[in-house]
**Q** 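I am attaching a structure below and will ask some questions about it afterwards.
First the proteins, then the strands, lettered A, B, ... as listed; each starts at 1.
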Amino acid sequence: MFSNITKIADLKDNVEKTVTIGGWVYHSRPGGKVIFLVVRDGSGLCQCIIEKTAVPEELFSQLAHLSMESSLTLTGTVRADDRSVGGYELAVTDAKILCPSQDYPITPKSHGIDFLLKNRHLHLRSQMPWCIGRIRHTLVNAIRQFFNDNGFTLVDTPIFTGIAGEEAGSLFEVDYFGLPANLTQTGQLHLECAALSYGRVYCFGPTFRAEKSKTRRHLTEFWMVEPEVTFIDLPGLLEIAENFVSFIIKKVLETNRAELQTLGANIASLEKIQPPFYRLTYTQASEILTSQKAQDFLAAQLNEFKTAKQETENKIAALEAESKGAIKQWRKDKIASELIDLRIELGELDTKIENNPKHAKLAAEFKWGEDLGGSDETLISLMHDKPVFVTHYPREAKAFYMKQDSENPKVVQNFDMLAPAGFGEIIGGSMREDSYDKLLAKIIEHKYKIENYQWYLDLRKYGSVPHGGFGLGVERTLAWLTGEKHIRQCIAFPRMMDKILK
RNA sequence: UCCCCGAUAGCUCAAUCGGUAGAGCGAGCGGCUGUUAACCGCUAGGUCGUAGGUUCGAGUCCUACUCGGGGAGCCA
């Protein structure tokens, strides 16, 4: 029945031909003599022109009263026209309404985030989530392609697990037929087993963290890709990581430039992301944090914030003054929505101004041995225009499985990759401890039950080799690429602390 | 877990000193228009988050609770 449906994205190949499209009303501008219906079909938008003289009178009247998100098929001639979205339009000769939509809750005006999340099942149809979803698809595809093309074997690691990969405290516990089990926090430990079988492996799936974190950078369920490689050292891992990240960004830039533009992403800065990335040891990073340069940077930033605040306040005052004058209603609307945005901006600037001295203090008082805090990472990433690897963290601050450095026993061979412009950590990785004795000592030190880790220790007993890997968070990467402030927009149905909506 | 902010029409927001509840969008009806966040006119739409308190009088002040937003810590 629908075999003759043409996708809107393919209209460019059907100019002057008669086609049928199927989709949903995105926008309607009905008139006495001509109706403009913008229709979306998942592949794009198309403006459909319905002239009163071209269709039966009853159909014209029905189409004139069609509201947002009504579903229908439309038949007509494709015309190239610069006045239409996408450059093509359909001169309609016939249409069939499938399901008229009444009182669709999402309107073209702005909505609050709570409302949109409650209506997430419908919000997915809107432009922003649609663009992000398309980019996510490319990103996921590119991730698989990179590893598949570089000799990695996909291994699906379990979601129910008996042991913790990261530190406890962020585990979701489940009742597994009366036995305690957890949802996976990482596929790494299982992946290491597979790496010793295949050499180069990766896993890609959902990951669960029960962290009580209500921030724009946290989900309780997120997707992570984790490669694991044998016969490698830390510099080798960094090389894979920077090639990997550069590859996926290149693919997104190639495939989704239009979506990135719609979302207002910083394309120019993404185009700069090419190997090599910056490399800092933890010790160098801590020196930067406590340096005068960092303090000067923060002071300059504070001044920028204050200037921006002043400018924003001036803009608000000017708009408020204009709004009180005798002006057209549409201008008043525009001012009102601009004012809302400006006030949000002002609030964010206030937060930044408030946090800046705290961050300066944290940075200045940074002591070797602590883990890098969020603000420290942000500061370092802001001071660089490309991603930064921070390596060799203090052993005490890091997970038990990370390999002790041969030259400096106080540090481990690990790395975090910080995205530029303050987006923070998107990759964490390390060489794994391959010495049976050292790993055992760490397990004992952490007071973990040895019997739970015997299988993991076995990997160091039977043909242990140097190996390592890393994990990349899909939603955080997507937030970075798209310029989305909040990670919750980067997955179709976000799971957040204390909130499962559907 | 801690700190800050908020809750008014379906949605986004106003409401001055504590004194009769207002717009726009969306919805419905009509008009007009190669329109494009179209425009113009009319109509409907409210127990001001919940429960107390202060007051002649509370959307506005106070207390508690619920829900939401932002930030800190922690992390991908």
**Q** Determine: side-chain N/O of A:Arg83 to OP1/OP2 of B:rU36, distance under 4.0 Å, yes or no.
**A**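 No, no such contact exists.
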**Q** Which of these nucleotides, B:rG69, B:rA76, B:rA27, is closest to any side-chain atom of A:Arg488?
**A** B:rG69
**Q** Choose from B:rG34, B:rG71, B:rA27 the nucleotide whose nearest atom is closest to any side-chain atom of A:Asn355.
**A** B:rG71
**Q** For A:Asp416, report the nucleic acid contact type (base, sugar-phosphate, nothing); a contact means any heavy atom under 4.0 Å.
**A**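 Since no nucleic acid heavy atom lies under 4.0 Å of A:Asp416, the category is nothing.
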**Q** So what does A:Gly428 touch, heavy atoms closer than 4.0 Å: a base, only the sugar-phosphate, or nothing?
**A**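 Sugar-phosphate only.
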**Q** Ring stacking, A:Tyr104 with base of B:rG26, under 5.5 Å and under 30°?
**A** no
**Q** Out of B:rU36, B:rC75, B:rA37, which has the shortest distance to the side chain of A:His27?
**A** B:rA37
**Q** Base, sugar-phosphate alone, or nothing: which one does A:His65 contact when heavy atoms must sit under 4.0 Å apart?
**A** sugar-phosphate
**Q** Can you check side chain to side chain contact (heavy atoms under 4.5 Å, CB included) on A:Thr93 and A:Val55, steps first, answer last?
**A** CA-CA 6 Å; A:Thr93 52; A:Val55 294; 5.5 Å; no
**Q** Establish, yes or no, whether a centroid distance under 6.0 Å links the rings of A:Tyr282 and A:His392.
**A**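 Ring-ring flag for A:Tyr282/A:His392: false, centres at least 6.0 Å apart.
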**Q** Treat primed atoms plus P, OP1 and OP2 as sugar-phosphate and everything else as base, then score nucleotides 9-14 of chain B 5' to 3': B for base contact with protein heavy atoms under 4.0 Å, S for sugar-phosphate contact only, - for none.
**A** --SSS-
**Q** When the aromatic ring centroids of A:Phe147 and A:Phe244 are compared, is their separation below 6.0 Å?
**A**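 Yes, the ring centres sit under 6.0 Å apart.
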**Q** Checking all strands, does A:Ile427 fall into the base, sugar-phosphate, or nothing category for heavy-atom contacts under 4.0 angstrom?
**A** sugar-phosphate
**Q** Ignoring hydrogens and angles, does a donor from either the side chain of A:Glu89 or the base of B:rG34 sit under 3.5 Å from an acceptor on the other?
**A**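 Donor-acceptor pair under 3.5 Å: yes.
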**Q** When rounded to the nearest 0.5 angstrom, what distance separates CG in A:Leu238 from CZ in A:Phe277?
**A** 10.5 Å
**Q** Please determine whether any donor N or O and acceptor N or O are separated by less than 3.5 Å between the side chain of A:Arg79 and the base of B:rG34.
**A**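 Pair found.
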**Q** Between A:Phe389 and A:Tyr278, is the gap from one ring center to the other below 6.0 Å?
**A**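 No; A:Tyr278 has its ring centre 6.0 Å or more from that of A:Phe389.
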**Q** Which part of the nucleic acid does A:Thr215 contact within heavy-atom distance under 4.0 Å: base, sugar-phosphate only, or nothing?
**A**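 If one applies the 4.0 Å heavy-atom cut-off, A:Thr215 turns out to touch a base.
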**Q** So what does A:Gln47 touch, heavy atoms closer than 4.0 Å: a base, only the sugar-phosphate, or nothing?
**A**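 Result for A:Gln47 = base.
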**Q** Rounded to the nearest Å, what distance is computed from the CD1 atom of residue A:Ile487 to the P atom of nucleotide B:rA76?
**A**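 Rounding to the nearest Å, CD1 of A:Ile487 and P of B:rA76 are 12 Å apart.
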**Q** Backbone N or O of A:Ala80 within a donor-acceptor pair of the A:Ser84 side chain at under 3.5 Å?
**A**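 No, A:Ser84 side chain to A:Ala80 backbone: no donor-acceptor pair under 3.5 Å.
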**Q** Report each atom pair, protein N/O against N/O of nucleotides 3-7 of chain B, whose distance is under 3.5 angstrom.
**A**
none

**Q** Is B:rC25 in the syn range, within 90° of 0, or in the anti range?
**A**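 For B:rC25, whose glycosidic angle is more than 90° from 0, the conformation is anti.
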**Q** Assign A:Arg217 to base, sugar-phosphate, or nothing according to its heavy-atom contacts below 4.0 angstrom with the strands shown.
**A**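 Base, at least one base heavy atom under 4.0 Å.
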**Q** Under 3.5 Å for both distances, Watson-Crick or G-U wobble, that's the pair rule; now give the dot-bracket for RNA chain B, with | marking pairs to another strand and [ ] for crossing ones.
**A** (((((((..((((.....[..)))).(((((.......))))).....(((((..]....))))))))))))....
**Q** Could you state the interatomic distance from CE (A:Met431) to CE (A:Met402), rounded to the nearest 0.5 Å?
**A** 12.0 Å
**Q** Using a 4.0 Å heavy-atom cut-off across all strands, classify A:Pro30 as base, sugar-phosphate, or nothing.
**A**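 The answer is base, as A:Pro30 lies within the cut-off (heavy atoms under 4.0 Å) of a base atom.
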**Q** Of all the choices, B:rA72, B:rG70, B:rA76, which nucleotide is nearest to the side chain of A:His359 once you look at every atom?
**A**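 Closest nucleotide among those given: B:rA72.
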**Q** On a whole-Å scale, what distance lies between the C1' atoms belonging to B:rA14 and B:rG59?
**A**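 Roughly 12 Å separates the two C1' atoms.
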**Q** Which whole-number value in Å describes the distance from A:Gln102 CD to B:rC29 P?
**A** 9 Å
**Q** Hey, does the Lys NZ or Arg CZ of A:Lys398 hover above the aromatic six-ring of A:Tyr393, less than 6.0 Å from the centre and inside 45° of the axis?
**A** yes
**Q** Roughly how many Å apart are B:rG24 and B:rG45, using the C1' atom of each and rounding to a whole number?
**A** 14 Å
**Q** So, is A:Arg216 close to the B:rG71 phosphate, meaning a side-chain N or O under 4.0 Å from OP1 or OP2?
**A** yes
**Q** Choosing from B:rA27, B:rA76, B:rU35, which nucleotide comes nearest the side chain of A:Arg29?
**A**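 Comparing B:rA27, B:rA76, B:rU35 against the side chain of A:Arg29, the answer is B:rU35.
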